[in-house]
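Since this is a predicted model, take the numbers as computed values, not measurements. We number each residue from 1, following the sequence as shown. First listed ligand is number 1; within each ligand, the first listed atom is number 1.
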Amino acid sequence: MRKISCVLSLLLLTAFISNAQVPTPKEHFGFNIGDNYMLATYTQTEAYVKKVAATSDRAKYVDIGKTEEGRSQFMMIITSPENQKKLDRYKEISRKLAHAENLTDQEARTLAAEGKTVVWIDGGLHATEVVGAHQLIEIIYQLTTRKDAETMRILNDVIILCTHANPDGQELVSNWYMRNPTPERRTTNQLPRLYEKYAGHDNNRDFYMMNLRETQNINNQLYIEWLPQIMYNHHQTGPPGTVVAGAPYRDPFNYVFDPMIVTSLDALGAAQSNRLNAEGKPGYTEKSGSNYSTWYNGGLRTTTYFHNMVGLLTEIIGSPTPSDIPLVPQRLIPSSANTFPILPQKWYFRNSIDYSVSLNYAVLDYASRHHDELLYNMYKMGRNSIDRGSKDYWSLSPKRIAEIEQLNRAAQTATGANANAAGGGRPGGGGGGVQMKFYDSVLKNPENRDARGYILSADQPDFPTAVKFMNALIRTGVLVHKASAPFTVAGKSYPAGSYVVKTNQAFRPHVMDLFEPQDHPNDFLYPGGPPVAPYDAAGWTLAYTMGVKFDRVLDAFDGPFERIPYGELQSAKANAVAAAGAGYILNAQANSSFVATNDLLKEGIEVYRVTEALAGTNASIGSFFVPASAKAKTVIEKTAADLGLQVSTIAKRPTAVKKIAPARIALWDTYGGSMSSGWVRFIMEQYHFPIEVVYPRDIDTGGLRDKYDVIVFVEGAIPAPPSALPGGRGFGGGGNFGGGNNDNVPEEFRRMLGRITPEKSIPQLKKFIEEGGNVVTIGSSTNLAYHLGVPVSNALVEMVNGVQQRLPGEKFYVPGSVLRISLDSTDQAAWGMGSLADVYFDASPVFNISPEANSKGTVKPIAWFPNNKPLRSGWAWGQAYLQDGVAAFVANIGQGKLYAFGPEITFRAQTHGTFKLLFNELYASAAMPAGKTK
Ligand SMILES: [Zn+2]
């Protein structure tokens, strides 16, 4: 013991000497973190953490990459000076245990004993939740300066990655708040734009897709570099009458991840709530006390579960402007979800900072005391995954259990025993109830086995998009193989260059989750009652929404597969462009054909769309024909090289073609920023469509046809007309800040104010279309059809006492899920799509077209639900109501067209499989009155 205290005093002494220079936040910022009415900008914060790194031997500053607005995103690695010298070794141990490859149990235990727990703590992801970034500053300060025994122990056992999750957002929000010289009038409300350039709040829905640079930077640290055992993601705000909501979370949890995730969340949640209680800090709520679950993949916290990491989320109250804990009587009854109720009182920013420090310390203390266990458990979960993927394995899910119950019921009916069962009495067959043979016929059925792996053939029509999907897996640390030669599996041949993703790997849960359907349980408040909304999506299978073609392989398989090193991004093979005869054909099935087309049009090169199927090629109707020229070849070669676009040549000019021109495209947005619009803006940049963002006042001003050929309205832009029964979640939509007090809004942002109104905007849109403009509407903005009197109606209604009403949630409920539609791919809007597609549906509108309009062709269906079981992934209660409903249509109005897409065809820039449904509308053609292009 003497020896230990000696070492400790030495540590304390070193700490004292080396940290003498770390400036306090007050010295640097001019105020304490948590002072009323004071927020720090990112610029100030970045300067501070650099000073801390320069003066503390406990801290290392790492620039993890640039943000979308070009700032450097930081991660501070904080641990003891001794550990700082051996970071590479500890990182190696963390990685080895996480991957769980080629290790014996004993080797894993030895590594776990040597290693240090790696704990991720972030802040600032949702920039208006200002406690996040500020607790990060405070914890960096405290961990680099405190000398108490607990801190010293933590620094010895734990490597802490303090990471800023959204620098651009903090800069925007803090400047916005601080701009008012009167402290009492400062507010984070009424921000003019999104606090992440494209995604705003949806920056926390990007973690399996990684469209955004911030997400890429973060995931590179989480899944390629460090593989932390615990990650802690700070948010706001706690439910009224509480201070903070945290782990453990309510059901359902996702069935594909390891059960130790759930029990570890119990342990860490208990560590956090217990510490607050011990410190006399009431107001923690957990489980049913908040609506956070562990179902969704794609959040900064939740994606970690699919990688065997314990992901913590807290949602805390508080703001630099003092607030109140309101009186919520039910919250004052102690329960396991609210163990220590907080009484109504005044609440200050500093309270929230202190709570956050306690919550961080609870996690760090646990990580210190259980460091070998945490490291070993991550190995164990990885090992479990490898084992499950190495043998015949049947995952449990509600669908399978329902099959067993269904077989049992059928048998009872056949033997006349159903009377018992129906009456809720003891089921037939004796005490246990259900007979084992039904279990065997479902959960031992070879066809129901989990896949051993997935093969993505290199000869699929949109291979570059398949490669994007592979990169999404690779960026989160999934192990991917690539075939170096042609091979055959289960009787099917694949070319060299095809990708293989096997499930016998540590991050099997993530692989399963992105290739297989989510089977969300039927979750109702009570039997027969209303549905309980999932925290976010119910289903999202990325391979489906990206339109990637793949084969599931149920038996062990092998081939000439080369292992891609972890994190090594792929690019589709640069395709050589052959010398053309008459010209080039760019297949409309490939999204990257639109990039090449836009680049060609920008250069003033002629491009045509082929309006009939081309004999002797695999190119679909709607493919692009580019007459041979040296200039065209140069542009096409660039896309072929950069994006792996496959280009074919054609000897003879196709006869049925239609010349296209660049369209003048307007995209609706609103003051404060629409996330849906931001994501489309992102897609437009990625696919090289030049666009102009317009606001409601620009619409109301009129003269639209002189300026634009196409206007795009995403979810939430167009409000419902009062007299209609429209569908969709956003039926009351219409954007932000239409009426309220806008005195706070600086002059430069006022042009963004206002909303689309039936009085001023709709007549201008009507005129625009009548004069030959096209309008594309998505989600609730399909409301425009009702405003314009298009003969369509909501398909999801029923008659109640002779009155038509929307179907209630007890009968029909489809939260964010993937559904299958049929398409008329001979229609221009669906060119390149094929006859079936998976769409993202989020309580989306569904239509009936009046028989007369249908027969006259004035309204034409583009996509519809062909049967009573369209669910592909997620939850679709009462899905039979969808049968024959129209998902998308085009209406002819005057000289122009209104396109209506109920489902979210551009959802979060993830649904690559349906982007073409938008792209196809974004060209002007000779059939339209020529407008000047710019
Ligand atoms: Zn948040």
Side-chain angles (χ1 to χ4, degrees), residues 39 42 67-68 73 120-137 139 162-174 176-177 187-189 191 193-209 212 214-215 218-219 222 231-240 242-247 249-250 269 272 283-286 289-305 311-320 323 349 352-353 355-356 359-360 363 533-537 672-675 678-679 736 816 908:
L39 289 181
Y42 183 74
T67 67
E68 288 291 354
Q73 187 167 7
W120 170 284
I121 295 175
D122 61 50
L125 181 70
H126 288 158
T128 48
E129 302 165 7
V130 294
V131 174
H134 290 78
Q135 63 79 32
L136 189 71
I137 300 169
I139 198 69
C162 291
T163 310
H164 202 296
N166 181 9
D168 300 342
Q170 188 189 352
E171 193 74 5
L172 175 75
V173 171
S174 295
W176 183 253
Y177 182 84
T187 174
T188 56
N189 292 337
L191 281 179
R193 63 175 176 88
L194 297 169
Y195 55 62
E196 196 287 337
K197 187 176 177 185
Y198 301 101
H201 198 83
D202 262 2
N203 65 350
N204 196 25
R205 306 293 183 269
D206 190 44
F207 283 85
Y208 57 68
M209 188 74 235
L212 309 173
E214 296 84 16
T215 323
I218 288 171
N219 279 7
L222 282 174
M231 78 81 62
Y232 181 9
N233 180 219
H234 285 260
H235 284 263
Q236 288 189 249
T237 186
T242 73
V243 175
V244 57
Y249 311 102
R250 73 171 173 94
Q272 291 193 297
Y284 189 93
T285 187
E286 60 189 73
S290 78
N291 70 337
Y292 305 100
S293 75
T294 58
W295 180 256
Y296 178 62
N297 192 344
L300 173 47
R301 162 189 62 117
T302 57
T303 299
T304 64
Y305 302 142
L312 296 165
L313 158 94
T314 53
E315 299 267 347
I316 199 166
I317 63 165
S319 143
S323 56
F349 199 30
S352 298
I353 299 296
Y355 267 62
S356 299
L359 291 162
N360 287 331
V363 172
Y535 157 71
D536 193 83
S674 147
M675 294 186 281
W679 283 122
N736 302 330
R908 293 171 178 165

List the steps and the verdict of salt bridge (Lys or Arg N to Asp or Glu O under 4.0 Å) for Lys197 and Asp168. CA-CA 8 Å; Lys197 187 176 177 185; Asp168 300 342; over 6 Å; no

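Put simply, the residue from Thr314, Asn360, Asp122 that forms a side chain to side chain donor-acceptor pair (under 3.5 Å) with Tyr232 is Thr314. Evaluated for a side-chain contact (heavy atoms from CB on, under 4.5 Å) with Thr285, the options Thr242, Val244, Val243 yield exactly one hit, Thr242.
Here the shortest heavy-atom pairing between His164 and Gly124 reads CE1-CA, 4.3 Å.
Scored by the ring-ring contact (aromatic ring centres under 6.0 Å, His included) test, His235 finds His126 as partners (sequence neighbours excluded).
Remark: Arg301 fails to qualify as a cation-pi partner of Tyr292 under the 6.0 Å distance and 45° angle criteria applied to the six-membered ring.
Distances under 2.8 Å from the Zn ion (ligand 1) pick out the protein N/O/S atoms His126 ND1, Glu129 OE1, Glu129 OE2, His235 ND1.
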